[in-house]
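Beneath this line is the structure, given in structure tokens, with notes to follow.
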Amino acid sequence: MCGIIAYVGDRKCREIIINGLKRLEYRGYDSAGIAVLMKKNSKKNEKQAASENYSINIAKQAGKIAELEKLINDTHIDGCVGIGHTRWATHGAPTQINAHPHMDCKSKIAVVHNGIIENYAELKDELISKGHKFISETDTEVIPHMLEEFNNGDLLIAMQKLLKRIKGSGAIVALNSDTPEEIVAARISSPLVIGIGKDGNFLASDMPAVLEHTRNFMIVNDFETIRIKKGSIEIFDIDGKKITREPFKVNWSITSAEKSGYEDFMLKEIFEQPFGVKETMRGRLSEGILDFKEIDLTSEQIINLEKIHIIACGTSSHAALLGKQLIEKWARIPVEIEVSSEYRYKDPIVEKNCLFIAITQSGETIDTLAAIREAKSKGARIVAITNVVGSTVARESDAVIYTHAGPEIGVCATKTFTAQIIVMYLIAVYLASKTGRLKEENIQEILGELEIIPNKIQSILNNAEQIKKVADQLYKYRTFLFLGRLFGLPIALEGALKLKEISYIHAEGYAAGEMKHGPIALTDTNTTVVGIVPKDSVYEKMLSNIEEVKSRNATIFSVATEGDTQISKYSNYVFSVPKTIEELYGILTIIPLQLLSYYIAKNLGRNVDQPRNLAKSVTVE
Ligand code: G6P
């Protein structure tokens with residue numbers, strides 16, 4: 001939630017900041033702003049100290065980055081040191097006044113912030129009593145005023161004092177016109193990375209924001225403060241003790257963070273799934289041999305596991321549900337799914353011999369992070385599954401399994417979901433093989449099918465036009481029910497989530513057998529039912545459930561298996577996926593559902609990459 005970017009160096013930074021904000025727009029897009037240090041135009045300044053020659057120029061605007069860009073196009077705002085922000089409002093409406101950056105009383109310090117200051121009301125009262133003037137409704141505005149209070153010439157020290165007073169979360173980046181050669185920053189919980197460039201250095205909420213300038217990064221940890229200059233990077237702890245940190249290089253290419261000819265990131269990312277799935281298997285599965293070093297448990301430890309807990313939210317929790325079904329079926333280990341946002345409030349039980357798996361594409365979801373911290377404090381061992389190298393969840397876990405889907409920019413998860421599912425398949429088979437609870441011939445069959453799954457996904461994508469035609473008919477419906485059983489259930493839940501996220505149509509995912517206990521009352525001529533009906537062990541049951549809603553005048557779209565000759569009798573529209581084994585239909589049947597949501601949303605003129613009210617990574621509770 002909210003995106004931050006900063007640059008200090010030799011180059012003019014306006015374009016760097018605007019382009020970076022566009023890449024961060026998925027984190028929040030209700031208002032945006034930029035602050036740049038610029039030299040004052042006065043001759044008499046020549047004899048003054050260099051510091052006095054600079055002022056902070058700010059532009060901010062409600063709406064998307066394009067609005068901010070329009071605003072500054074005709075201005076002279078530019079310089080070699082600047083900060084930018086794209087907002088997802090938490091305190092105060094998304095107006096121009098509430099947009100970041102925010103300033104102190106003397107307009108010498110400008111701040112952008114991603115997070116929440118929980119004790120801001122108390123701090124604000126204190127600052128007002130000392131004479132500070134506030135102009136916005138935001139919690140963030142206390143930060144520049146506190147820095148003003150604490151600043152005795154070194155903004156970094158002021159930042160360290162600030163961290164000791166505020167409660168909540170945040171990545172904070174500040175400029176000071178008295179020290180125009182530097183940018184100062186701090187982090188509590190919200191993501192922040194340092195990009196190391198040839199002609200300057202960057203700070204950003206996320207690596208793709210600056211990927212066009214550098215692939216060399218350093219991570220910032222909680223309660224660290226940073227000073228970046230053109231040619232130097234310094235990291236300190238909250239007490240000012242210097243910390244040394246090695247940079248790392250990412251292999252993401254800049255094209256992976258661009259649309260590359262696709263109309264939207266979401267569509268591009270849907271089409272990248274064969275690649276993301278293949279990359280996620282690479283090095284772990286090859287020619288029937290499965291290697292999973294990351295799990296790092298002996299066969300004996302695996303056999304003795306009493307329980308596995310999977311912590312996740314949103315789309316990741318649907319990968320978790322499929323994972324539970326797979327692990328329980330193949331490895332016969334009981335699995336409990338924990339909704340991240342609920343976990344720490346229930347005084348959770350952490351068994352002696354248990355394993356925790358945290359699934360989070362961003363690695364930054366605050367609830368998942370808090371849940372793993374709670375589990376860890378009770379002695380749990382945590383394995384993270386994430387797409388972002390060096391993310392907070394990755395660093396705080398005992399082991400990390402990276403999905404290699406590449407950066408996902410569209411707010412709703414598509415390619416990270418299928419990459420997560422692949423990891424769940426691999427983990428389930430791996431645990432099954434270590435426990436000896438699945439026959440070798442079954443293992444070989446599953447692994448063989450997994451190796452050819454990218455081609456099957458590709459063949460579905462080749463028929464995307466068929467789904468578009470269905471969407472062209474269905475987009476007028478206002479109620480959608482997605483029904484599935486067994487391995488089709490997580491897919492029904494995910495299909496419904498995709499549709500509501502990007503089209504704003506009311507959609508529910510349901511276990512098909514539960515229809516009779518309520519949802520069937522919704523069914524009438526205005527309802528579309530999407531059935532996940534592959535040829536699996538519950539196929540006949542699904543047919544009956546579809547029949548029940550069809551006879552109540554719902555329109556039926558079935559996702560079925562190639563060669564199924566019965567399904568068209570029960571359905572108004574059918575899309576067929578290639579044959580596979582029953583447990584693997586999930587990864588195939590989700591693809592047409594992603595496309596369906598995409599094309600329905602496009603028909604309704606929605607912004608699929610940046611749906612209203614949502615953000616890619618939720619870093620506030
Ligand atoms: C947000 C995103 C979803 C995502 C969820 C969990 O709501 O919009 O797409 O599924 O967060 O994110 P995570 O990074 O923890 O998987």
Side-chain angles (χ1 to χ4, degrees), residues 1-3 24-29 88 90 114 189-191 205-208 265-266 269-270 276 280 310-323 337-343 356-373 382-397 400-403 405-421 423-424 490-491 493-504 509 590 593-594 597-598 601 606-621:
M1 316 223 118
C2 299
L24 289 170
E25 207 170 13
Y26 69 85
R27 303 179 65 87
Y29 30 83
W88 189 91
T90 57
N114 163 24
S189 287
S190 303
S205 301
D206 203 350
M207 291 182 275
F265 279 112
M266 183 184 174
E269 287 157 4
I270 289 173
T280 302
I310 311 184
I311 299 172
C313 47
T315 290
S316 299
S317 72
H318 300 150
L321 178 55
L322 186 66
I337 299 193
E338 314 283 0
V339 175
S340 308
S341 54
E342 290 291 316
Y343 184 72
F356 273 69
I357 300 175
I359 309 182
T360 162
Q361 51 84 22
S362 63
E364 301 293 349
T365 302
I366 192 80
D367 286 322
T368 303
L369 193 57
I372 67 169
R373 285 176 181 160
I382 318 279
V383 177
I385 299 173
T386 182
N387 198 44
V388 181
V389 176
S391 54
T392 312
V393 171
R395 285 178 291 128
E396 294 201 11
S397 297
V400 189
I401 299 168
Y402 285 111
T403 50
E408 189 174 68
I409 312 291
V411 163
C412 74
T414 52
K415 64 176 180 173
T416 53
F417 178 63
T418 42
Q420 287 170 349
I421 292 186
V423 171
M424 295 323 296
I491 304 310
L493 298 175
E494 176 60 8
L497 179 62
K498 285 293 83 99
L499 187 65
K500 65 184 126 184
E501 275 180 312
I502 59 167
S503 73
Y504 320 146
I590 190 58
L593 300 190
Q594 294 169 341
S597 302
Y598 173 82
R606 310 291 192 226
N607 181 339
V608 295
D609 286 339
Q610 292 162 3
R612 70 183 181 198
N613 305 338
L614 300 178
K616 180 97 193 134
S617 63
V618 178
T619 50
V620 292
E621 264 188 74

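Note that this is a predicted model, so its numbers are computed, not measured. Hydrogens, waters and symmetry mates play no part in the numbers below; they use all other heavy atoms, side chains included. Read the numbers this way: they start at 1 and go in the same order the structure lists the ligands and their atoms.
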Please list, in number order, the atoms of ligand 1 under 4.0 Å from a heavy atom of [X].
{"X": "Ala413", "result": "9 (O)"}
{"X": "Cys313", "result": "6 (C)"}
{"X": "Ser362", "result": "13 (P), 14 (O)"}

Inset, instruction - With sequence neighbours left out, write down each residue that passes salt bridge (Lys or Arg N to Asp or Glu O under 4.0 Å) with Glu396, or none if nothing qualifies. - result: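 Salt bridge (Lys or Arg N to Asp or Glu O under 4.0 Å) check on Glu396 returns Arg373.
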Legend entry - Pairwise distance CD1(Ile359) to CD1(Ile401) - rounded to 0.5 angstrom: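 Result: 9.5 Å between the selected atoms.
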Legend entry - Polar side-chain atom of Asp367 near backbone of Ser340 as donor-acceptor pair, under 3.5 Å: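 No; judged by distance alone, with no hydrogens or angles, the pair does not exist.
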Inset, instruction - Please report the shortest heavy-atom distance between Val411 and Pro611, naming the atom on each side. - result: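 Shortest heavy-atom contact: CB-CD, 3.7 Å.
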Looking at [atom], what's its closest protein heavy atom, distance included?
{"atom": "atom 11 (O) of ligand 1", "value": "Lys616 O, 3.7 Å"}
{"atom": "atom 16 (O) of ligand 1", "value": "Ser316 OG, 2.5 Å"}
{"atom": "atom 9 (O) of ligand 1", "value": "Val411 O, 3.3 Å"}
{"atom": "atom 15 (O) of ligand 1", "value": "Thr365 OG1, 2.5 Å"}
{"atom": "atom 10 (O) of ligand 1", "value": "Thr315 N, 2.9 Å"}

Legend entry - Identified side chain to side chain contact (heavy atoms under 4.5 Å, CB included) partner of Glu364 from the options Ser190, Ser391, Ser205: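 Going through the options one by one, the only one that passes is Ser391.
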Inset, instruction - Go through the structure and list residues passing side chain to side chain contact (heavy atoms under 4.5 Å, CB included) with Ile337, not counting sequence neighbours. - result: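 Only Ala320, Leu321, Lys324 meet the side chain to side chain contact (heavy atoms under 4.5 Å, CB included) criterion with Ile337.
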Inset, instruction - For Ala615 and ligand 1, answer yes if some heavy atom of the residue is under 4.0 Å from a ligand atom, otherwise no. - result: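 It does; at least one heavy atom falls under 4.0 Å.
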Legend entry - Side-chain H-bond candidate by donor/acceptor type, Thr403 with Lys415, under 3.5 Å: no
